[in-house]
2 protein chains.
Amino acid sequence: MTDTRWRPVKRTRTFEEVLAQIEHRISEDGLTAGDRLPAERQLAEQLGVSRSSVREAMRVLETLGVVSSQAGRGPDAGAVLVSRPDTALADLLRLHLGLAGLELREVVDTRLMIERWAAGHAATARADTSALAAAYAGMAGARTPEEFVEHDTAFHCAIADASGNRLTGAIMRSLRDSMRRYAVEAVERLGDTSPLQADHERILTAIAAGDPEEAARAVTDHLALAYPSLRQETP
Amino acid sequence: MTDTRWRPVKRTRTFEEVLAQIEHRISEDGLTAGDRLPAERQLAEQLGVSRSSVREAMRVLETLGVVSSQAGRGPDAGAVLVSRPDTALADLLRLHLGLAGLELREVVDTRLMIERWAAGHAATARADTSALAAAYAGMAGARTPEEFVEHDTAFHCAIADASGNRLTGAIMRSLRDSMRRYAVEAVERLGDTSPLQADHERILTAIAAGDPEEAARAVTDHLALAYPSLRQETP
DNA sequence: CATCGGATATGGTCTGACCATACTGTGGTC
DNA sequence: GACCACAGTATGGTCAGACCATATCCGATG
C-alpha cells in the first residue's frame with residue numbers, strides 16, 4: 001500500500017488567515033458597524049502578507065455584507081464595518097437558484113413559512129402598520145406589473161419587519177429579491193391584480209386588528225392564489 | 001453651482017464585471033454543480049482583464065458557496081461549480097452575530113420558527129426518521145457537552161431536512177453552526193441532559209407517528225427548556 | 001476671507017514572477 | 001506486459017511593485 005498517512009485536509013490559505021485575524025480583531029476590540037478597519041497596505045504590513053491576500057479577504061467580507069470599501073481620503077474612506085446581510089443573502093439565493101441547486105417551490109414554501117409566522121407575531125405585538133399601509137397604497141397606483149411587484153415586495157417585507165425580528169426580515173427581503181422575476185411573471189399571468197389587493201387588505205386588517213390566526217390564514221390564502229401551481233404543499 | 005452632472009452612482013469595478021460575466025455564462029450555458037469553469041489565466045485573457053480581478057471574483061463566488069477551487073491538475077482541479085449554501089450562510093450569520101448586527105434571540109426565534117414548521121411537515125409527510133434516530137442514539141452516548149451538542153445539532157438539522165425543503169435545511173444548519181458556542185453553554189448550564197433527551201424522544205415519536213400538531217408542540221416545549229431566558233417570546 | 005490647486009491617502013487594477021500541488025505521460029525495470 | 005519512478009505541466013496561491021482613480025486636506029494665492 002502506498003503512503004496513506006494523514007495530511008491536513010487543506011492548507012489554510014493566506015487570505016483565510018487574514019480573515020481569521022480580522023474576525024478576531026472585530027470580536028476582541030468590540031468593533032461594530034461604523035468603525036473603520038486599517039488600510040489595506042497597513043493591514044498587509046501588520047500581518048506580514050501581501051496586499052493581494054488582504055484584498056481577497058476584503059472581497060469576502062464585502063460579499064458577506066460586513067464591510068464596505070470606499071476609495072479616497074477622509075473619515076468615510078477605507079474599509080468601514082457595516083451590517084448588511086440582506087444583499088449578501090439575496091446574492092446567495094439568486095446564484096443558487098440559477099445553479100438549479102434550489103427549486104422555486106422551496107423558496108416559495110420558505111417564504112410562506114416566514115410570512116405566516118411574521119404575520120402572527122406582528123398581529124400579536126400590535127405592530128405599527130403604517131409601512132404596510134403605504135405599500136398597499138403604492139400597489140393601488142401601480143401601472144405596470146413591475147411596479148406592482150415593487151410595492152408588493154415592500155408590503156410583504158413590511159410584514160416580516162413588523163415581526164420585530166431582523167433576521168427573518170433580511171431573509172424575506174432576500175427571498176423576494178431572488179424571485180423577483182417569477183413574481184412579475186405571476187402577476188402578468190394573473191392579469192387582474194384586484195384579487196391580490198383584496199388579499200392584501202385582508203392581511204392588513206387582520207394585523208391591525210391584532211388577530212394572529214386570521215392574519216396567518218390570510219397570508220396562506222394569498223400565496224395560494226399567487227402561486228397556484230404550488231398549492232398542494234401548503235397544509 | 002458646481003458641476004452636478006449625473007455620474008453613475010458607483011463605477012462598477014472590474015471584478016464585478018467578471019462576476020456578471022460568469023453568472024451570465026452559468027445561466028446561459030446551463031451550467032450546474034459539477035461543471036468546471038475555465039482556468040483563471042484563461043478566463044482573464046477571454047475577458048480582457050487581469051488575473052487579480054478574476055481571482056477576486058472567484059473569492060466572491062467561493063464565499064457564496066457557488067464554486068470550489070482546487071489546485072493541481074486533472075478533472076477535479078480548477079474552479080468547479082458546487083452548491084453549498086450552508087457554509088456561506090453560516091459564515092454570514094456568525095459574522096453578523098459578532099458585529100452585534102443580530103441578537104441571539106432573533107436567531108433562536110428564527111430557529112424555532114423553522115423547526116416547528118419542519119417538524120409539522122416531516123410528520124405530515126411521514127418522513128424517514130432513521131437520521132433522527134441515529135442522532136438521538138449519538139446523544140445518549142455523548143460524554144461531554146461539546147459531543148452532546150454535536151449530535152444535538154445533527155438531530156435538529158435532521159428535522160429540518162426531513163421537511164424535504166433544502167433551503168430551510170441549509171438555513172437551519174447555518175443557524176446551528178453560528179450559535180454552537182451558546183448551545184454548549186446552555187447544555188453546561190443545564191448540567192443534566194436527560195430532560196433534553198426526553199424531549200427529543202417525544203419529538204421523534206411524534207414525527208414517526210405522523211402527528212404534526214404534537215410534533216410542533218414538542219419542538220416548542222423543547223426550545224423553551226433549552227433557552228429559558230427567551231421563553232416569553234414563544235407564543 | 002474665499003478659492004483654487006497640488007499633496008496625499010485610500011482603494012482598484014495590472015504585470016510578471018515564483019511557489020505548491022496534483023495529475024500525465026514517458027521511459028526504465030522486473 | 002505490468003509496474004514504478006520521475007520529469008513535465010496545468011492549475012491555483014502568493015508576492016512585489018507599479019500605476020491609476022478618487023476624495024480629502026491644506027497651503028498658496030487672489
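Keep in mind that this is a model prediction, so the values were computed, not measured. Order of the sequence lines sets the chain letters (A, B, ...), proteins ahead of strands, with each chain counted from 1.
Per the geometry, CD belonging to Gln42(B) stands 11 Å off C1' belonging to dT11(D), to the nearest Å. Glu40(B) places its CD atom 14 Å from the C1' atom of dA20(C), with the value rounded to the nearest Å. Per the geometry, CD belonging to Glu45(A) stands 11 Å off P belonging to dA16(D), to the nearest Å. The nearest whole Å value for the distance from the CZ atom in Arg41(B) to the C1' atom in dC14(C) is 15 Å. What separates CZ of Arg51(A) from P of dT15(C) is a distance of 16 Å, to the nearest Å. Whole-Å rounding puts the Gln70(A) CD to dA9(C) P distance at 18 Å. Between the P atom of dT14(D) and the CD atom of Glu56(A) lies a distance of 7 Å, rounded to the nearest Å. The CZ-P distance, from Arg13(B) to dA21(D), rounds to 17 Å in whole Å.
Between dC14(C) and Ser53(B), a contact under 4.0 Å exists linking OP1 or OP2 to a side-chain N or O. Remark: Arg73(B) is not in phosphate contact with dT24(C), judged by side-chain N or O atoms under 4.0 Å from OP1 or OP2. An OP1 or OP2 oxygen of dG12(C) is reached within less than 4.0 angstrom by a side-chain nitrogen or oxygen of Arg59(A). Dashed line: the shortest gap from a side-chain N or O of Thr14(A) to OP1 or OP2 of dT14(D) is under 4.0 Å. Close to dG13(D), at under 4.0 Å from its OP1 or OP2, lies a side-chain N or O of Arg55(B).
Residue Gly74(A) is classed as a sugar-phosphate contact, given heavy-atom separations below 4.0 Å to backbone atoms only. At a threshold of 4.0 angstrom between heavy atoms, the contacts of Ala77(A) with the nucleic acid are absent.
A salt bridge links Arg13(A) to Glu62(B): at least one charged side-chain nitrogen sits closer than 4.0 Å to a carboxylate oxygen. Electrostatic pairing of Asp152(B) and Arg176(B) counts as a salt bridge here, judged by a charged N lying under 4.0 Å from a carboxylate O.
Picking from dT11(D), dC15(D), dT13(C) the nucleotide with the shortest atom distance to the side chain of Ser50(B) gives dT13(C). In the set dT10(C), dT24(C), dG12(C), dT24(C) carries the atom at the smallest distance from any side-chain atom of Pro75(B).
Using the six-membered ring where Trp is involved, His200(B) and His156(B) have ring planes that are perpendicular, over 60° apart on the 30 and 60° scheme.
Inspection of the Gln70(A) and Arg36(A) side chains reveals no N or O donor paired with an N or O acceptor under 3.5 Å. A side-chain N or O of Asp128(B) and one of Ser130(B) form a donor-acceptor pair less than 3.5 Å apart.
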